[in-house]
Amino acid sequence: MDREELERVKRERDAIVLAHYYVDEQVQAMADHVGDSYYLAKVASKAEQKRIVFCGVRFMGESAKILNPEREVVLPDAEADCPMAHMASVEQILRMRREVEDLAVVCYINSSAKLKSVCDVCVTSSNAVKIVSSLRNKNVLFIPDQNLGRYVQAQVPDKTFYYSGGYCPVHAQVLASDITSELNAHPGAEVLVHPESSEQVCALATFIGSTAEIISYAEKSKSRAFILGTEPGVMYALRQRCPGKVFYPVTPMCSDMKRITPEKVLDCLRGGGYAVKLCAEEMDAARKPLERMLELGK
Ligand code: 13P
Ligand code: SF4
């Protein structure tokens with residue numbers, strides 16, 4: 001299908017296509033908006049089209065539905081799910097609430113709607129430091145990503161952090177030794193990493209940030225060579241925005257993000273796909289931390 005026809009189908013179906021930087025390049029090329037989790041949540045919350053086709057993993061589609069419940073939010077692949085989104089439990093959160101006083105439960109957006117429904121505020125990698133710093137509570141339970149939590153903790157040292165112990169299985173595969181061997185092969189290259197990476201990997205970074213922040217850092221940097229410590233889907237934007245610069249990716253692909261194919265997106269645009277369905281009570285409870293994130297992240 002050529003671009004003109006694609007746009008015609010979107011108009012006819014009153015659909016908008018949102019895509020995360022980690023999905024297949026051809027899928028990114030079909031999207032109306034490509035971005036990091038925070039940007040996509042903001043766009044989804046304001047979308048006026050009848051149908052939002054969300055090219056990403058399940059928690060992204062769920063967040064879009066919760067923030068904009070009047071729209072039909074459709075996932076191209078029902079199985080595309082972030083394993084980390086389930087690495088905490090409601091029981092664990094409720095127990096911590098009973099045991100720790102003056103506690104804020106901070107939920108990385110990479111979490112199921114069920115987990116969000118018992119949390120106080122959501123964050124993404126691009127707003128976590130700002131939002132956690134603005135909280136009055138002395139104690140923070142940060143779920144589910146312990147690596148992102150530790151990164152935030154280092155910048156908000158006056159608070160005590162507790163963790164559920166989750167992690168991203170994709171970023172966890174990168175070892176500090178992978179970075180050092182790339183540095184040996186490409187001396188002088190800058191090291192760009194996502195805060196879902198391990199502490200040892202983050203310690204070797206020149207820059208730590210969300211996918212969107214990594215892309216804009218690389219664009220502005222005077223350096224010509226970069227070791228890339230995040231999912232290689234960002235290469236599509238990097239090639240367009242950083243001509244002449246060289247990137248050496250060390251992170252493997254996220255197989256869940258890569259389940260989204262152009263064919264499945266087209267199927268969504270023709271009325272197929274998997275509509276996000278959540279119970280009203282869970283959506284209402286999960287909306288509070290998501291809306292608080294949008295408010296505090298401004
Ligand atoms: P960001 O795009 O917000 O940096 O998130 C990365 C990620 O792992 C999404 O699943
Ligand atoms: Fe989840 Fe990691 Fe894949 Fe992001 S890269 S969707 S955190 S498994």
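Each ligand, and each atom within it, is numbered from 1 in the order the structure gives.
- Which parts of ligand 1 touch Ser37 is read off a 4.0 Å heavy-atom cut-off, strictly below it: atoms 1 (P), 2 (O), 3 (O), 5 (O), 9 (C).
- Near Met60, with a cut-off below 4.0 Å to any heavy atom, the atoms of ligand 1 are 9 (C), 10 (O).
- Interface of Ser210 with ligand 1, defined as ligand atoms under 4.0 Å from a residue heavy atom, comprises 4 (O).
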- [ ] Check step by step if side-chain contact (heavy atoms from CB on, under 4.5 Å) holds for Val140 and Tyr162.
- [x] CA-CA 6 Å; Val140 169; Tyr162 299 85; over 6 Å; no
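- Remark: side-chain polar atoms of Lys116 are not paired, donor with acceptor, to backbone N or O of Val121 under 3.5 angstrom.
- Under a 4.5 Å side-chain heavy-atom cut-off, the cluster of Ile, Leu, Val, Met, Phe, Trp and Tyr residues that includes Met253 has no other member.
- With no hydrogens or angles considered, a side-chain donor-acceptor pair links Tyr217 and Glu190 at under 3.5 Å.
- Excluding waters, the set of protein N, O or S atoms lying under 2.8 Å from atom 3 (Fe) of ligand 2 comprises Cys254 SG.
- Because its NZ or CZ atom is not both nearer than 6.0 Å to the ring centre of Phe161 and within 45° of the ring axis, Lys159 does not count as a cation-pi partner of that residue.
- Of the candidates Tyr22, Phe59, Tyr21, the one placing a heavy atom closest to atom 7 (C) of ligand 1 is Tyr22.
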Task: Test side-chain contact (heavy atoms from CB on, under 4.5 Å) applied to Leu175 and Val250, step by step - done: CA-CA 9 Å; Leu175 306 176; Val250 288; over 6 Å; no
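- Listed by first and then second residue, the salt bridge (Lys or Arg N to Asp or Glu O under 4.0 Å) pairs that reach into residues 48-70 are Arg51-Glu72, sequence neighbours excluded.
- In the model, Tyr38 has no side-chain atom that pairs as donor or acceptor with a side-chain atom of Ser125 under 3.5 Å.
- Taking atom 10 (O) of ligand 1 as the reference point, the nearest protein heavy-atom neighbour is Asn110 ND2, 3.2 Å.
- At a heavy-atom cutoff of 4.0 Å, ligand 1 is contacted by the side chain of His20 but not by its backbone.
- Here Val57 has no heavy atoms under 4.0 Å from ligand 1, in either its backbone or its side chain.
- No option in Cys82, Ser63, Pro144, Cys122 other than Pro144 meets the side chain to side chain contact (heavy atoms under 4.5 Å, CB included) test with Ser111.
- The protein heavy atom nearest to atom 4 (O) of ligand 1 is His194 NE2, 2.7 Å.
- Below 4.0 Å from some heavy atom of Ser125 lie the following atoms of ligand 1, by number and element: 1 (P), 3 (O), 4 (O).
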Which donor-acceptor pairs under 3.5 Å do side chains of residues 95-107 form with protein atoms, sequence neighbours excluded?
residue : atom : partner : partner atom : Å
Arg97   : NH1  : Asp120  : OD2          : 3.1
Arg97   : NH2  : Val118  : O            : 2.8
Arg97   : NH2  : Asp120  : OD1          : 3.1
Arg97   : NH2  : Asp120  : OD2          : 3.4
Asp102  : OD1  : Asn137  : ND2          : 3.4
Asp102  : OD2  : Lys138  : N            : 3.1

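- Taking distance alone, with nitrogen or oxygen atoms compared against 3.5 Å, Thr211 approaches ligand 1 more closely than that limit.
- Looking only at distances, a side-chain donor or acceptor of Asn68 sits under 3.5 Å from a matching main-chain atom of Ala44.
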- [ ] Before giving the answer on side-chain contact (heavy atoms from CB on, under 4.5 Å), spell out for Leu228 and Phe226 the whole-Å C-alpha distance, their side-chain angles and the decisive distance to 0.1 Å.
- [x] CA-CA 6 Å; Leu228 187 61; Phe226 303 87; 5.8 Å; no
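- In the vicinity of Glu196, heavy-atom distances shorter than 4.0 Å reach the ligand 1 atoms 6 (C), 7 (C), 8 (O).
- Atoms of ligand 1 found under 4.0 Å from any heavy atom of Asp36 (numbered from 1 in listed order, with element): 1 (P), 2 (O), 3 (O).
- Remark: ligand 2 atoms within the under-4.0 Å shell around heavy atoms of Glu196 are 2 (Fe), 7 (S).
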